[in-house]
**Student:** 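This is the structure I want to talk about, given as structure tokens.
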Amino acid sequence: MIELANSSRKYSKSGGGGVQALRSANLSIAPGEFVAIMGPSGSGKSTLMNILGLLDRADTGTYRLAGREVGQLSVDELAEVRNQCIGFVFQSFHLLPRTTALENVELPLVYAKGGRIHRKAEEALERVGLQDRSSHFPSELSGGQQQRVAIARALVNDPDVILADEPTGNLDSASSDEIMAIFNDLNQQGKTVVLITHEPDIAEYAGRIIRIVDGEIISDEKRTGNKPVASKDEAMNQERQA
């Protein structure tokens, strides 16, 4: 699904010089893997995520996504691939405050081809257990519910890859478990999930942990015993009882 070869990224600094954010990174992620990327602040993990998500370009190397070389695509072509192939989930949710949950989920469909916008958004909310909150505004939802709306928005175009940048960073432990149960469920359905986190207990949900320091991938560990996770329905029932 993801093939990154000899990719580097350097950012210039005012006054000269620059910061080498990524150094000759090589990374291969198969379809259906659940991968966590860990590293301290400034390690380059967000740069790596931005390149994987086609939000930034590497200075060197190649990037193949679902078998397609994407490193040299135009800005418009990159936007189309992002919309079709990648769903993003961020730490801060990035929901529009004056827009309902359903309308937030509908946003990616504005740029997609095809109809049934309203129904597709409803189906995405159903997948994260929020069909009864579709008319609520973000201020009327808990943090965990807002993140579930953000996940529904990421899912609405049925992407092959979910990229999640610190998705539990603003949540309490119960809400974090709920969100990880959803990611686990999506992975069981065949979605490729790539998760950035600085929390070791969250990384343990993944089947593979990649560590990056000073722009270099220093370890790549495949795990056979993932952290036990409640099912999506169990996690949501626990939230309702809380």
Side-chain angles (χ1 to χ4, degrees), residues 1-9 21-56 58 61-68 70-71 81-82 84-91 147 150-151 154-155 158-169 171 176-230 232:
M1 181 59 68
I2 289 172
E3 291 283 348
L4 200 67
N6 298 315
S7 293
S8 299
R9 184 69 170 98
L22 197 63
R23 304 171 186 269
S24 300
N26 293 283
L27 178 61
S28 178
I29 297 175
E33 278 199 276
F34 190 165
V35 179
I37 298 175
M38 296 192 70
S41 177
S43 63
K45 60 184 186 296
S46 291
T47 297
L48 177 59
M49 180 70 86
N50 287 340
I51 290 172
L52 296 181
L54 307 179
L55 299 173
D56 196 4
T62 60
Y63 178 21
R64 298 182 69 84
L65 177 63
R68 181 181 183 184
V70 294
V81 173
R82 277 197 306 271
Q84 294 176 350
C85 298
I86 302 173
F88 294 93
V89 181
F90 300 99
Q91 177 177 347
Q147 191 61 292
I151 293 172
L155 291 174
D158 196 26
D160 296 318
V161 180
I162 303 294
L163 298 182
D165 191 354
E166 300 281 4
T168 62
L171 304 178
S176 295
D177 289 342
E178 165 200 319
I179 294 304
M180 295 312 299
I182 293 174
F183 283 129
N184 182 72
D185 187 62
L186 292 171
N187 180 244
Q188 292 297 315
Q189 295 172 27
K191 298 293 184 187
T192 303
V193 179
V194 182
L195 168 78
I196 279 187
T197 183
H198 67 277
E199 302 173 86
D201 59 325
I202 295 297
E204 288 177 1
Y205 285 104
R208 181 178 169 194
I209 299 177
I210 294 169
R211 289 179 172 83
I212 183 169
V213 174
D214 293 333
E216 294 186 30
I217 295 174
I218 62 168
S219 68
D220 188 343
E221 171 195 359
K222 289 191 176 182
R223 310 175 67 253
T224 55
N226 299 356
K227 181 176 178 178
V229 59
K232 180 182 68 174

**Student:** What I want to check is whether the side chains of Thr192 and Glu33 have a donor and an acceptor closer together than 3.5 Å.
**Tutor:** no
**Student:** As an exercise, state the distance from CG of Leu163 to SG of Cys85, rounded to the nearest 0.5 Å.
**Tutor:** 11.0 Å
**Student:** Short question: side chain of Asn26, backbone of Asn6 - any donor-acceptor pair under 3.5 Å?
**Tutor:** yes
**Student:** Give, for atom CG of Leu48 and atom CZ of Arg9, the distance between the pair rounded to the nearest 0.5 Å.
**Tutor:** 13.0 Å
**Student:** Measure across Ala154 and Pro159 and return the closest heavy-atom pair with its distance rounded to 0.1 Å.
**Tutor:** O-CG, 3.2 Å
**Student:** What is the distance from atom CZ of Arg64 to atom CD1 of Ile2, rounded to the nearest 0.5 Å?
**Tutor:** 13.5 Å
**Student:** For Leu195 versus Met49, what's the shortest heavy-atom pair and its separation?
**Tutor:** C-CE, 4.4 Å
**Student:** Rounded to the nearest 0.5 Å, what separation is found between the CG atom of Asp56 and the CG atom of Asn50?
**Tutor:** 6.0 Å
**Student:** Can you list the steps and then say if Asp185 with Lys191 is a salt bridge (Lys or Arg N to Asp or Glu O under 4.0 Å)?
**Tutor:** CA-CA 9 Å; Asp185 187 62; Lys191 298 293 184 187; over 6 Å; no
**Student:** Which heavy atom of Phe88 sits nearest to which heavy atom of Gly53, and what is that distance?
**Tutor:** CZ-O, 3.2 Å
**Student:** How many angstroms lie between atom CG of Leu22 and atom NZ of Lys45, to the nearest 0.5 angstrom?
**Tutor:** 13.0 Å
**Student:** Could you grab the distance from atom CD1 of Ile196 to atom CD of Gln91, nearest 0.5 Å is fine?
**Tutor:** 11.0 Å
**Student:** Using only atom types and a distance under 3.5 Å, with no angle test, would you say the side chain of Ser28 pairs donor to acceptor with the backbone of Glu3?
**Tutor:** no
**Student:** Between the side chain of Gln147 and the main-chain N/O of Thr168, is any donor-acceptor distance below 3.5 Å?
**Tutor:** no
**Student:** Of the options Leu52, Asp160, Leu65, Ile162, which is the one that meets Ile86 in a side chain to side chain contact (heavy atoms under 4.5 Å, CB included)?
**Tutor:** Leu65
**Student:** Taking all atoms of both residues into account, what is the closest heavy-atom pair of Arg82 and Leu54, and its distance?
**Tutor:** NH1-O, 2.6 Å
**Student:** Identify the two heavy atoms, one from Ala206 and one from Phe34, that lie closest to each other, and give their separation to 0.1 Å.
**Tutor:** CB-O, 3.4 Å
**Student:** Within a 6.0 Å radius of atom CG on Asp220, are there more than 12 heavy atoms belonging to other residues, nucleotides or ligands?
**Tutor:** yes
**Student:** Side chains of Asn184 and Met180: does their closest heavy-atom pair fall under 4.5 Å?
**Tutor:** no
**Student:** Does Gln84 reach the main-chain N or O of Asp158 with its side chain, forming a donor-acceptor pair under 3.5 Å?
**Tutor:** no
**Student:** What pairs of donor and acceptor atoms, side-chain ones from residues 36-43 against any protein atom, are under 3.5 angstrom apart with sequence neighbours left out?
**Tutor:**
unit_1: Ser43; atom_1: OG; unit_2: Pro40; atom_2: O; d: 2.8

**Student:** Specify the closest pair of heavy atoms between Pro167 and Val89, including all atoms of both residues, with the distance to one decimal.
**Tutor:** CB-CG1, 4.1 Å
**Student:** List the steps, then state whether side-chain contact (heavy atoms from CB on, under 4.5 Å) holds for Leu27 with Tyr63.
**Tutor:** CA-CA 9 Å; Leu27 178 61; Tyr63 178 21; over 6 Å; no
**Student:** Please tell me if the side chains of Ile151 and Leu186 come closer than 4.5 Å, counting only heavy atoms from C-beta onward.
**Tutor:** yes
